[in-house]
Participant: 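Below is the structure I would like to discuss, written out as structure tokens.
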There are 2 protein chains.
Amino acid sequence: MDPIIQNISKHITLTPEEEQLFLSKTEIRHYKAKTMLHHAGQVCKESYFVNSGLIRSFNINDNIVEHVLSFACDGWWISDMYSLLSQKPGNLFIEVLEDSEVMVLSKENQDQLYLEIPKLERFFRILIENSLVANQERLMDNLSLTAEERFDKFCKRYPTLLQQVPQKQIASYIGVTPEFFSKMKARMLKK
Amino acid sequence: MDPIIQNISKHITLTPEEEQLFLSKTEIRHYKAKTMLHHAGQVCKESYFVNSGLIRSFNINDNIVEHVLSFACDGWWISDMYSLLSQKPGNLFIEVLEDSEVMVLSKENQDQLYLEIPKLERFFRILIENSLVANQERLMDNLSLTAEERFDKFCKRYPTLLQQVPQKQIASYIGVTPEFFSKMKARMLKK
DNA sequence: GATTACACTTAATGTAGGTTAAGAAATGGG
DNA sequence: CCCATTTCTTAACCTACATTAAGTGTAATC
């Protein structure tokens, strides 16, 4: 079964016809590492479901400093939610980190699908609820935990990413500089 | 018109019967300041829509330190989303800050309403989408802005809260200690 | 009307994490 | 295979913010 259909059927049940309709509104694309799927300043028109590979979203400070908002590996969705929903220019970049196969769902098609398969409202609601909960936890963690504790949590929650992602991007995700991360890692290994 | 119905009709259109059905599943309650609507460690059974007053959610570190996750004033929803959705014990406390009138929607009734008025899936989807976008922005702000910049943004985004909320809770919301916040405020006034 | 409790301030000192810079290691494209 | 670029490390120094502690103002409770 198509991974995206499998993903959907975790939360709602589609008929075979609905599955076909859904798939007909998506598009498979293959991207090479380092491809930019979306640029800050542009209006985001689509969201991506990762069949295989690895993608990240991040913003860039006045200062040239990158901050990773999220990673998406197999079975995850990624987009610039703010820009996609408001159809205004966003602040995020979306970049392919490893050669990837993605399912592309345009905003237009997504809006149509909501009308044609109202159950999808529920699916995306649940998807976003889970996202929100994870985000809230990350926010609280950033307010209350040390960098070391945040890194521990990251390791437990995303053990695969640890191998895949360049270390400086993990540093950025947990909210420290690469230099400090390196020092911290060395310190942690001694224990 | 009932504020909660007004809130809903910003995003979807309900028939008069649906409005009545919705209202019949909610309950008005009046709370005094300092009431705890939800305790960490408990399973959250309801969410709250604030007709008037002020409510906050926060967690408490091992260390007795409070961290404010969100404020809810007139026209806002608040709950412990993680606990409500998973029906597991949560980490949040929900506390009434000013005498408040709230509409209470139990999880049970909410789930029923999803079945009886499927349009509500859309309403809550949109509500949570907006929440997620705001949360993502706050996360990125915490990673990339100074305390002073975060405070500026807070003032612009929630000008009313500034007057209502004790200063130490604003400090907690933007992620600094009350002592540092006090010093920072004095420094900012000089400019 | 005194007492308690809480919110806010100020100031001295401490530290997690940032900055700068330079070299070493790894990666990758031609 | 080599050169170029990027990633990672190390170290000296710096700063935004935390901690501790003591003092002030004010509202709530008896």
Side-chain angles (χ1 to χ4, degrees), chain A residues 31-36 54 56 58 60-68 71 93 95-99 140-154 161-191, chain B residues 32-36 54 56 58 60-68 71 93 95-99 141-154 161-191:
Chain A
Y31 287 112
K32 295 240 130 224
K34 300 190 182 169
T35 311
M36 281 291 181
L54 183 60
R56 68 164 176 153
F58 64 100
I60 299 187
N61 233 12
D62 318 319
N63 313 328
I64 321 170
V65 185
E66 293 180 9
H67 292 277
V68 174
F71 296 106
F93 296 80
E95 183 194 25
V96 177
L97 292 180
E98 290 178 357
D99 296 1
M140 296 311 265
D141 286 351
N142 277 311
L143 291 179
S144 60
L145 303 183
T146 64
E148 211 161 311
E149 290 167 324
R150 275 176 272 145
F151 179 49
D152 275 336
K153 274 192 117 168
F154 179 88
L161 278 185
L162 203 55
Q163 326 299 330
Q164 288 178 282
V165 178
Q167 167 175 314
K168 64 181 233 174
Q169 291 186 22
I170 297 179
S172 167
Y173 182 92
I174 69 171
V176 295
T177 58
E179 294 85 354
F180 180 76
F181 187 87
S182 176
K183 187 163 65 175
M184 183 180 87
K185 207 183 69 176
R187 189 208 305 149
M188 288 171 84
L189 279 174
K190 282 198 192 140
K191 295 176 189 166
Chain B
K32 294 238 132 233
K34 298 189 184 172
T35 312
M36 280 291 180
L54 184 59
R56 67 162 176 153
F58 63 100
I60 299 186
N61 233 12
D62 319 318
N63 313 327
I64 320 169
V65 185
E66 292 180 9
H67 291 275
V68 173
F71 297 107
F93 297 80
E95 183 194 26
V96 177
L97 292 180
E98 289 178 0
D99 295 2
D141 286 351
N142 276 312
L143 292 179
S144 60
L145 303 182
T146 64
E148 211 161 310
E149 290 167 325
R150 275 176 272 146
F151 179 49
D152 274 334
K153 274 193 116 170
F154 180 88
L161 279 185
L162 203 55
Q163 327 298 332
Q164 287 178 283
V165 177
Q167 168 175 313
K168 63 181 232 175
Q169 290 185 22
I170 298 180
S172 166
Y173 182 92
I174 68 171
V176 295
T177 58
E179 293 85 355
F180 180 77
F181 186 86
S182 176
K183 189 162 64 174
M184 182 179 86
K185 205 183 70 177
R187 189 206 306 149
M188 288 171 84
L189 279 174
K190 281 197 193 143
K191 296 179 190 167

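Letters go in sequence order (proteins before strands), and every chain restarts at 1. Since this is a predicted model, take the numbers as computed values, not measurements.
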Participant: Side chains of A:L145 and A:F151: does their closest heavy-atom pair fall under 4.5 Å?
Facilitator: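 No. Closest side-chain heavy atoms not under 4.5 Å.
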Participant: Starting at CD1 of A:I64 and ending at P of C:dT20, how long is that distance when rounded to a whole Å?
Facilitator: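 That distance rounds to 11 Å.
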Participant: Rounding to 10°, can you tell me the angle the first-five-pair axis of the helix from C:dG1-D:dC30 to C:dG30-D:dC1 makes with its last-five-pair axis?
Facilitator: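 Roughly 60°, once rounded to the nearest ten degrees.
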Participant: Of all residues at least two apart in sequence or in a different chain, which pass the side-chain contact (heavy atoms from CB on, under 4.5 Å) check with B:E148?
Facilitator: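 B:E148 satisfies side-chain contact (heavy atoms from CB on, under 4.5 Å) with B:T146, B:M184, B:R187, B:M188, B:K191 only.
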Participant: Tell me every residue that passes side-chain contact (heavy atoms from CB on, under 4.5 Å) with B:K32, counting only those two or more places apart in sequence or in another chain.
Facilitator: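 Residues passing side-chain contact (heavy atoms from CB on, under 4.5 Å) with B:K32: B:T35, B:D99.
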Participant: Does A:F93 have any ring-ring contact (aromatic ring centres under 6.0 Å, His included) partners at least two apart in sequence or in another chain, and if so, which?
Facilitator: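 Residues passing ring-ring contact (aromatic ring centres under 6.0 Å, His included) with A:F93: A:H39, A:F58.
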Participant: To the nearest angstrom, how far is B:L189 atom CG from C:dC8 atom P?
Facilitator: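 These atoms are roughly 14 Å apart.
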Participant: Between protein and nucleotides 8-21 of chain D, map the contacts as a letter string: B base, S sugar-phosphate only, - none, heavy atoms under 4.0 Å, written 5' to 3'.
Facilitator: SBB------BBBBB
Participant: Kindly write out the residues that satisfy salt bridge (charged side-chain N to carboxylate O under 4.0 Å, His left out) with B:K153, not counting sequence neighbours, or none if the list is empty.
Facilitator: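 Salt bridge (charged side-chain N to carboxylate O under 4.0 Å, His left out) list for B:K153, sorted by chain: B:E137, B:D141.
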Participant: Please report, to 0.1 Å, the donor-acceptor pairs under 3.5 Å made by any side chain of residues 163-177 of chain A, with sequence neighbours excluded.
Facilitator:
residue: A:Q164; atom: NE2; partner: A:E98; partner atom: OE1; Å: 3.3
residue: A:Q167; atom: OE1; partner: A:K185; partner atom: NZ; Å: 2.8
residue: A:S172; atom: OG; partner: A:E66; partner atom: O; Å: 3.3
residue: A:S172; atom: OG; partner: A:V68; partner atom: N; Å: 2.8
residue: A:T177; atom: OG1; partner: A:F180; partner atom: N; Å: 3.2

Participant: Return a single string for nucleotides 24-30 of chain C, one symbol per nucleotide in 5' to 3' order, where B is base contact, S is sugar-phosphate-only contact and - is none, cutoff 4.0 angstrom on heavy atoms.
Facilitator: -------
Participant: What residues, two or more places apart in sequence or in another chain, satisfy salt bridge (charged side-chain N to carboxylate O under 4.0 Å, His left out) together with B:E95?
Facilitator: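 For B:E95 the salt bridge (charged side-chain N to carboxylate O under 4.0 Å, His left out) partners, ignoring immediate neighbours, are B:R56.
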Participant: What is the separation between atom CG on B:D99 and atom C1' on D:dA28, rounded to the nearest whole Å?
Facilitator: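 Checked: the CG to C1' distance equals 14 Å.
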